[in-house]
Amino acid sequence: MTHDRAHDPPSHTAAPGHPTGTLAIVVIYVRRRMAGDVPLRLPLSGPRHAMNIDFYEKIWMWTAGAIVVLFLTFVAASTFGQGIHPPSHVETIDPTKVFQDPRFARVGTPTELADGTIEVQVAALMFAFVPNEIRVPPARRIRFRMTSADVTHGFIVAGTNANTMIVPGYISQFTTTFDRPGDYLVMCHEFCGNGHHAMHGRIIVDPAATVVKADVAAHEGGH
Ligand code: CUA
């Protein structure tokens with residue numbers, strides 16, 4: 001071998017960049033600090049050539065950095081661009097008494113609240129949504145309030161970001177707006193049993209959809 005190692009950087013000594021080398025430097029530095037014979041100064045702040053990084057190591061460093069930036073970009077785009085975020089509403093309910101609960105007395109009847117939001121109550125059970133077909137007007141705030149009467153189900157409105165789990169014992173709630181009229185497919189996306197694949201419904205966004213006012217609804221359904 002004629003390879004002249006004399007001009008190679010001292011990468012085979014304890015150089016930072018190699019995990020063991022870095023550890024050794026930290027240990028030496030800490031011990032000297034404890035002995036009190038080193039001024040307070042970062043161990044890597046010496047001349048630039050003191051830190052040798054192999055070419056391949058640089059490739060992996062830049063790749064790892066790029067992946068982190070890419071992931072953060074995806075998170076930011078889905079959070080701010082698409083409005084996707086975890087649900088934050090926590091409200092409990094007895095899953096065995098969903099259909100006796102006054103909070104689900106308006107299942108099947110979209111109801112306009114005092115602030116103009118339209119509330120849609122949905123019960124999910126093996127293997128259907130109740131109601132199976134929901135008719136709401138476009139360009140209005142629609143608040144879905146959903147719960148399960150048995151096991152965990154999912155609720156996703158195809159082609160939109162309306163998507164939640166429906167967990168027994170809890171009320172899932174989110175508010176959305178359908179800008180365009182049309183038929184939207186609703187699917188259960190949590191495996192809930194043998195009929196899971198058949199569990200779906202429809203949302204029809206129709207300017208002529210009828211909505212009941214909350215005070216009228218209270219008189220009709222009030223006990
Ligand atoms: Cu309900 Cu899958």
Side-chain angles (χ1 to χ4, degrees), residues 71 74-75 77-113 117-206 208-212 214 217 220-221 223:
F71 283 177
F74 284 154
V75 171
S78 59
T79 304
F80 303 110
Q82 297 179 281
I84 294 171
H85 49 79
S88 55
H89 184 77
V90 177
E91 187 180 344
T92 56
I93 186 171
D94 181 347
T96 64
K97 298 191 176 72
V98 169
F99 292 101
Q100 289 90 56
D101 194 297
R103 289 171 294 176
F104 284 86
R106 309 302 308 169
V107 161
T109 310
T111 307
E112 184 176 335
L113 307 178
T117 304
I118 295 167
E119 183 176 300
V120 174
Q121 300 169 351
V122 179
L125 62 161
M126 292 185 280
F127 297 99
F129 295 106
V130 182
N132 191 244
E133 197 174 283
I134 301 162
R135 202 172 277 269
V136 291
R140 295 285 301 272
R141 281 165 57 81
I142 314 288
R143 176 170 304 149
F144 286 92
R145 282 171 59 78
M146 299 180 284
T147 194
S148 169
D150 39 48
V151 300
T152 298
H153 297 278
F155 184 96
I156 183 166
V157 185
T160 73
N161 68 353
N163 178 357
T164 189
M165 283 171 76
I166 307 178
V167 181
Y170 293 90
I171 296 175
S172 301
Q173 174 176 308
F174 67 84
T175 305
T176 190
T177 300
F178 296 96
D179 294 326
R180 282 173 293 121
D183 268 27
Y184 294 79
L185 176 66
V186 175
M187 285 173 292
C188 174
H189 60 65
E190 294 287 334
F191 183 76
C192 51
N194 286 340
H196 161 72
H197 63 282
M199 184 167 171
H200 58 83
R202 258 195 340 158
I203 292 176
I204 299 161
V205 180
D206 177 2
T210 52
V211 174
V212 177
E220 279 177 357
H223 296 288

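All ligand and atom numbering here is 1-based and tracks the order in the structure. All residue numbers in this chain count up from 1 along the given sequence. Worth saying up front: this structure is predicted, and the values here are computed from it rather than measured.
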Counting distance only, does the side-chain N/O of D150 pair as donor-acceptor with the main-chain N or O of M126 below 3.5 Å?
yes
Protein N/O/S atoms closer than 2.8 Å to atom 1 (Cu) of ligand 1:
H153 ND1, C188 SG, C192 SG, M199 SD
Just by distance, no angles: are the side chains of R145 and Q173 close enough, under 3.5 Å, to form a donor-acceptor pair?
yes
Are R202 and E133 close enough for a salt bridge, meaning some N to O gap below 4.0 Å?
yes
Report the relative orientation of the aromatic rings in F155 and F144; use parallel for angles under 30°, tilted for 30 to 60°, perpendicular for over 60°.
tilted
Report yes or no: do H189 and N163 form a side-chain donor-acceptor pair below 3.5 Å?
yes
Have H197 and N194 got a donor and an acceptor in their side chains that come within less than 3.5 Å?
no
